[in-house]
Number of protein chains: 2
Amino acid sequence: MERKRKIYEFIRDEISRRGRPPTLREIGGRFGISSTNGVRYFLDKLEADGLIKRSANTARGISLVEHGSRGGTRSVPLLGRVPAGGPDFGEEHREGHILVDERLVGGGDLFAVRVRGDSMIGAGIHDGDVAVVERDQAPRSGEIVVALIDDEVTLKRLVRKGGAVLLKPENDMYEDIDLSEMSGRNISILGRLEAIVRTY
Amino acid sequence: MERKRKIYEFIRDEISRRGRPPTLREIGGRFGISSTNGVRYFLDKLEADGLIKRSANTARGISLVEHGSRGGTRSVPLLGRVPAGGPDFGEEHREGHILVDERLVGGGDLFAVRVRGDSMIGAGIHDGDVAVVERDQAPRSGEIVVALIDDEVTLKRLVRKGGAVLLKPENDMYEDIDLSEMSGRNISILGRLEAIVRTY
DNA sequence: CAGCTTACTGCACAAATGTTCAGTAGTCAA
DNA sequence: TTGACTACTGAACATTTGTGCAGTAAGCTG
């Protein structure tokens, strides 16, 4: 009962420390179990409990089942410059990656950008915040979207009103942008805001 | 030059998707390289470039060299009720855990609470946001702190002014709290705000 | 005390996987 | 044309690792 949990934690820690699951003998070595079958005995239990999953005949074929609270993370690319035409996912434009709790964001296609300016101050989004965005060209009215306006990335609230589509900043200093009458400006919607992360 | 990068990305994606690095044959299979040596040829280059590290005679012995950052996560307990006397870290009071990028928060003793109320609206902190807090009884002036006031958890900005210590909300509807003249109220500072996470 | 469960040992074996060595087609420069 | 370099193929071979089967000592349970 106690040993089982310790072994589970060892597997979890090994994956996070070394980037790969341990072998039966590595687990046995750690817990003083000389036979690989002693280890198998516990792995069978962990699998029956639904805590791990195993791939047959596969070296280091243990994977954790992300259940409820002990979830996984998504590695989301934080894009630096976002060039015209939409974000470029090549390594050259990545500023790095941030890890985000999987349960907080969806399972969609995500990227992150650093917020510039204060046009969304009213929604509690500040200069320097990191916005996690799900790629989605067709967001619904009322959602906060990330748009590319003439090579510049901005967050705005998207509102459909009659036939018009408006991008509304939440700051009285800025004016609405009407997508239906964009006078020569090049505007595209990159996605929908999924989360804001701010550090102090 | 191009193939090398693709192989590196494949390894990275496999680790993130399956939780373990691929074998030589798995990589070869993906890129149509029938000999394990064709794969080794590229892995040698990636290792020479310092992009990966290999463990000799080890199944799936490839690990990524995180350049610039370690890339780990902290599992931070999200506390539900915070009882008088400070947060209780027993399992009973945990609402769950959230995983936070290690590089964004410090290495200190962390916990998280859900923000209640709108007393910090002016600082872009809204009702429902998750606050990641570092335990610290002696925060400096100007920092946002998490305080326990008569069993209630609140965020306020701490300001030292002369000899007085003030807890200032950032919302005109609320009044400052002067710690030096707390009239019978039980106030303790739990820690300093490290990050805010908000999901939509 | 028999019978059951738990937690293993021990050994052989097979499958998966990394390593070594030899060789080759294609490209590019001198 | 020669030689260097790149990007592999192919075939052993050695190690690592998972699997199967038999057995056993220590605690319970009835």
Side-chain angles (χ1 to χ4, degrees), chain A residues 1-67 70 72 90-92, chain B residues 1-67 71:
Chain A
M1 215 61 158
E2 187 48 42
R3 203 94 197 266
K4 197 172 63 173
R5 164 138 255 117
K6 286 255 168 62
I7 289 174
Y8 173 77
E9 283 166 6
F10 174 67
I11 294 167
R12 171 165 54 71
D13 293 349
E14 282 293 294
I15 290 173
S16 114
R17 263 203 301 278
R18 310 203 190 286
R20 57 176 172 263
T23 63
L24 297 184
R25 273 160 263 252
E26 282 168 3
I27 297 170
R30 166 62 174 264
F31 291 94
I33 301 170
S34 69
S35 172
T36 52
N37 262 322
V39 177
R40 267 158 74 71
Y41 170 79
F42 284 108
L43 293 188
D44 287 345
K45 298 185 139 233
L46 286 172
E47 191 164 24
D49 288 357
L51 290 167
I52 63 169
K53 232 175 66 184
R54 280 190 292 170
S55 309
N57 299 321
T58 306
R60 303 176 188 276
I62 307 170
S63 59
L64 301 183
V65 173
E66 326 282 1
H67 77 297
R70 259 274 183 296
E91 291 285 339
E92 322 83 59
Chain B
M1 216 60 158
E2 187 47 43
R3 203 95 198 264
K4 197 172 63 172
R5 162 146 261 119
K6 286 258 168 60
I7 288 174
Y8 173 77
E9 284 168 7
F10 174 67
I11 295 167
R12 172 165 53 72
D13 293 348
E14 281 293 294
I15 291 173
S16 118
R17 262 203 300 278
R18 311 204 190 284
R20 58 179 172 260
T23 63
L24 297 184
R25 272 160 263 251
E26 283 168 3
I27 297 170
R30 167 60 175 266
F31 291 94
I33 301 170
S34 69
S35 172
T36 53
N37 258 323
V39 177
R40 267 160 75 72
Y41 171 78
F42 284 107
L43 293 188
D44 287 346
K45 298 186 139 235
L46 286 172
E47 191 163 23
D49 288 357
L51 290 167
I52 63 170
K53 233 176 65 184
R54 279 191 292 169
S55 309
N57 298 321
T58 306
R60 304 176 187 275
I62 306 170
S63 58
L64 301 183
V65 174
E66 318 281 0
H67 61 296

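Fair warning: this is a prediction, and the values are worked out from it, not measured in the lab. Just so it is clear: chains get the letters A, B, ... in the order the sequence lines come, proteins before strands, and each one is counted from 1.
No side-chain heavy atom of I62(B) sits under 4.5 Å from any side-chain heavy atom of L46(B). R3(A) places a side-chain heavy atom less than 4.5 Å from the side chain of I33(A).
Below the 3.5 angstrom threshold, one finds a donor paired with an acceptor across the side chain of R25(B) and the base of dG18(C). No hydrogens or angles were tested; on distance alone, nothing pairs the side chain of T36(A) with the base of dG18(D) as donor and acceptor under 3.5 Å.
Taking only side-chain nitrogens and oxygens, R60(A) never comes nearer than 4.0 Å to OP1 or OP2 of dA16(C). Residue Y41(B) has a polar side-chain atom (N or O) positioned under 4.0 Å from OP1 or OP2 of dA7(D). OP1 or OP2 of dA7(D) sits under 4.0 Å from a side-chain N or O of K45(B).
Atom CD of E14(B) and atom P of dT17(C) are 12 Å apart (whole Å). As a whole-Å value, the separation of I52(B) CD1 from dG18(C) P is 11 Å. Between the CZ atom of F42(B) and the C1' atom of dT9(D) there is a distance of 13 Å, rounded to whole Å. The CD1-P distance, from I27(B) to dT19(C), rounds to 12 Å in whole Å. Atom P of nucleotide dC13(C) and atom CG of N57(A) are separated by 18 Å, given to the nearest angstrom. In this structure, the CD atom of E47(A) is 13 Å from the P atom of dG18(D), given to the nearest Å. Atom NZ of K4(B) is separated from atom C1' of dT6(D) by 12 Å (rounded to the nearest Å). The distance between atom CZ of F31(A) and atom C1' of dT9(C), rounded to the nearest whole Å, is 18 Å.
You'll find that the side chain of L24(B) is closest to dT19(C), out of dT9(C), dT19(C), dT17(C). Closest to the T23(A) side chain, of the nucleotides dG18(C), dG18(D), dC8(C), is dG18(D).
Remark: of the listed residues L24(A), T23(A), L43(A), L24(A) is the sole one forming a side-chain contact (heavy atoms from CB on, under 4.5 Å) with T36(A).
With ring centers used as reference points, F42(B) lies 6.0 Å or more from F31(B).
If you check every strand for non-hydrogen atoms under 4.0 Å, R40(B) touches a base. Residue I33(A) is classed as a sugar-phosphate contact, given heavy-atom separations below 4.0 Å to backbone atoms only. S34(B) comes within 4.0 angstrom of sugar-phosphate atoms only, judged by non-hydrogen atoms across all strands, and of no base.
Nearest heavy-atom pair across P21(A) and G19(B) is CD-O, 3.5 Å.
Enclosure of atom CZ in R54(A) by more than 12 non-hydrogen atoms of other residues, nucleotides or ligands within 6.0 angstrom is indicated.
Between R20(B) and S55(A), the side chains place a donor N or O and an acceptor N or O closer than 3.5 Å (distance only, hydrogens not considered).
Atoms CG and CD, from L51(B) and E9(B) in turn, are 10.5 Å apart once rounded to the nearest 0.5 Å.
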Each nucleotide N or O in nucleotides 21-28 of chain D that has a protein N or O under 3.5 Å away: list the pair and distance.
| residue | atom | partner | partner atom | Å |
| --- | --- | --- | --- | --- |
| dC21(D) | N4 | N37(A) | ND2 | 2.1 |

